[in-house]
Amino acid sequence: MTSNILDTINSPSDLRKLNLKQLPDLAKQLRQFIIDIVATKEGHLGASLGVVELTIALHYVFNTPNDLLIWDVGHQAYVHKLLTNRKSNFHSNRQLNGISGFPKRAESEYDTFGTGHSSTSISAALGMALASQIKGDFNKHHIAVIGDASIASGMAFEGLNHAGVTTANLLVILNDNAIGIDPSVGALKQYLTNVKKGTEKQDNIFEALNFNYSGPIDGHDIFKVIAELERLKTVKGPKFLHIITTKGKGLKQAEENQVVYHAPGKFDAVTGDLLPKSTKLQAPKYQDVFGCTLVELARKNEKIVGITPAMPTGSSLKFMMDEFPERAFDVGIAEQHAVTLAAGMATQGMIPFCNIYSTFLQRAYDQIIHDVALQNLPVIFCLDRAGLVGQDGATHHGVFDIAYLRCIPNMIISAPRNEIELRNMLYTAQLGKLKNPLAIRYPRGRGEIINWQIPFKEVSIGKGEQLKQGEKIAILSIGTMAKNVSEAIAGLEVSHFDMHFIKPLDETLLHSIFQTYETIITAENGTIIGGFGSAIAEFKVQHNYNNILKIIGIPDTFVEQGTIEELEELTGIGVTQIKEVVQSYLN
Ligand SMILES: Cc1ncc(C[n+]2csc(CCOP(=O)(O)OP(=O)(O)O)c2C)c(N)n1
Ligand SMILES: CC(=O)[C@@H](O)[C@H](O)COP(=O)(O)O
Ligand SMILES: [Mg+2]
């Protein structure tokens with residue numbers, strides 16, 4: 001019976017006391033630890049199982065935290081966290097007041113750079129390496145671990161391009177498991193496949209960029225990885241180590257179903273089987289309302305094209321990709337490219353539905369302005385995961401899109417309050433009457449309507465509606481915040497309006513509201529700064545109204561991880577908090 005080595009390990013200095021022969025057992029124990037925790041606490045499983053040996057080797061060979069290690073995306077950093085003093089509180093991973101699901105500088109000195117969005121590690125590691133050079137610290141190593149999908153993103157190439165003309169002590173480790181969340185795509189994927197097969201005839205592209213390339217080596221052979229890392233420690237300048245791993249390594253189901261086990265939800269730690277899904281009839285996930293509706297529409301409208309930057313499953317664009325592979329594109333982790341690709345298509349009369357999570361669309365901000373809005377091209381941005389997303393935390397909450405889109409001329413910004421409204425907005429967007437870029441924001445998770453696939457109805461752009469009649473106070477909500485509002489004001493003599501659009505505002509309705517009610521409250525699942533409430537405040541000022549105005553939204557702070565209910569309460573947009581605000585104006 002092998003002793004439990006993991007019990008004796010809390011930090012890399014403990015790890016470095018082990019002899020090589022003990023490391024395979026440690027790897028086994030780390031794998032089981034992660035499986036046991038993620039099986040009940042949920043989280044990202046496959047990626048961490050794929051880098052157990054690599055993570056041990058890195059902390060074994062390099063003098064972390066003096067040597068600086070960055071995990072690209074960081075969803076694969078669970079082993080890293082277990083080996084850097086966070087084993088005892090790893091059960092709090094991704095939970096309110098617990099540890100983050102991604103590396104976070106404030107959490108540990110070993111988390112040298114916060115990640116969560118992909119493809120940042122090379123630039124950050126190069127920045128650290130050049131800083132070390134400037135400071136004359138020539139003994140420090142700077143290591144970026146980046147996956148095969150993440151290295152295909154533009155920003156990663158920008159980092160490689162710069163590093164290749166420096167003498168920085170930088171080691172880029174490509175963790176090549178041939179998959180992102182969904183299978184990786186593109187010419188680089190084909191190139192890497194050929195390199196692994198030994199059939200690549202072209203020059204090595206990383207050597208062509210002046211990197212000292214080594215590999216590909218088996219990323220699960222801990223002795224080989226350690227030996228290669230030891231060798232690379234003595235090599236000067238930018239280095240590139242190509243390792244081959246299996247996502248989900250060590251758990252049969254995770255290896256065989258890598259897409260699902262990227263983040264499987266709860267599962268049986270012993271058998272590896274997913275827990276049975278509830279058989280109760282449930283409202284659909286918003287992503288499925290998007291995915292199924294787009295297929296329905298695409299069957300009748302040949303101009304519809306769908307685009308996703310590496311999230312076919314997460315966005316449910318996979319349904320259209322399956323049925324219309326010639327009109328639905330996974331462009332890889334390339335949000336900037338996705339937006340301008342859509343713009344190009346729109347110039348040719350196509351109707352592009354560009355589906356990008358709210359948080360990931362942040363990466364393509366100039367493309368939205370420069371390539372789409374300035375040319376007033378009718379691109380339809382489907383912002384999934386808009387609002388608080390829950391356990392992914394601060395790097396992933398889609399709370400900035402209202403503010404970052406609202407200031408852009410020509411933009412139309414809609415926020416359907418439920419699944420039927422989302423369907424109708426998608427339907428309206430492809431009628432050919434749209435002359436502007438349109439953003440449709442909707443949340444992560446399920447809606448509330450079981451029978452949502454009903455006949456389409458055209459939406460009147462820029463029009464709001466009254467949902468409830470009351471006196472003195474009017475509460476204006478946007479999007480699915482309507483649900484919290486209607487629960488909060490149940491039984492109260494308060495009027496409730498769903499404004500449907502953040503831009504353009506329904507000014508006719510707003511004038512009537514400001515001329516009828518003393519107090520106006522706004523509610524949104526987005527930042528107070530620059531959001532929907534700010535737009536209403538601007539309207540109030542521009543038209544010299546003196547009504548009382550209270551804005552309910554996400555405060556000016558980064559919101560950590562937790563359940564959506566916990567975070568709504570924490571940020572003041574939960575039912576109880578909204579009710580307290582309303583009642584304070586009723587008394
Ligand atoms: C900018 C950005 N876009 C999309 C995502 C969503 N995402 C998280 S992990 C992932 C796939 C990463 O694949 P890879 O780099 O190969 O790492 P692996 O999971 O295989 O270890 C994607 C697309 C993200 N985190 N950041
Ligand atoms: C790590 C990462 O960025 C993605 O896996 C993200 O967590 C997906 O979010 P959803 O689970 O909302 O699709
Ligand atoms: Mg990968």
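Ligands are counted one by one from 1 in listed order, and the atoms in each one are counted from 1 as well. These numbers come from the heavy atoms of this one structure, side chains and all, not from hydrogens, waters or symmetry mates. Here the structure is a predicted model, which means the values were calculated and not measured.
By the 3.5 Å distance cut-off applied to N or O atoms, H117 is not counted among the residues near ligand 1. Residue-to-ligand polar distances place R444 within reach of ligand 2: an N/O pair is separated by less than 3.5 Å. Checked by distance only, ligand 1 and R363 stay at 3.5 Å or farther apart across all their nitrogen or oxygen atoms. For ligand 1, the polar-atom distance check finds no N/O of A310 at less than 3.5 Å from any of the ligand's N/O atoms. The shortest N or O to N or O distance between I179 and ligand 1 is below 3.5 Å.
Only the side chain of N177 comes within 4.0 Å of ligand 1, judged by heavy-atom distances. Residue-level proximity to ligand 1 for I333 is carried by the side chain, the only part with a heavy atom below 4.0 angstrom.
Taking the six-membered ring for Trp and the full ring otherwise, F360 and H117 have centroids separated by under 6.0 Å.
Heavy atoms from other residues, nucleotides or ligands lying under 6.0 Å from NZ of K285 number 12 at most.
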Margin query: Set out, in order, the CA-CA distance, both residues' side-chain angles and the distance that settles ring-ring contact (aromatic ring centres under 6.0 Å, His included) for F206 and H242, then state yes or no.
Written below: CA-CA 10 Å; F206 304 108; H242 183 182; 7.2 Å; no
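For the Mg ion (ligand 3), the N/O/S atoms of N177 include one lying under 2.8 Å. For the Mg ion (ligand 3), the set of nearby N, O or S atoms under 2.8 Å includes one belonging to I179.
Looking at Y78, its side chain does come within 3.5 Å of a backbone N or O of H44 through a donor-acceptor pair.
With respect to the Mg ion (ligand 3), D148 has OD1 as its nearest N, O or S atom.
Annotation for ligand 1: atoms under 4.0 Å from non-hydrogen atoms of M311 are 6 (C), 23 (C).
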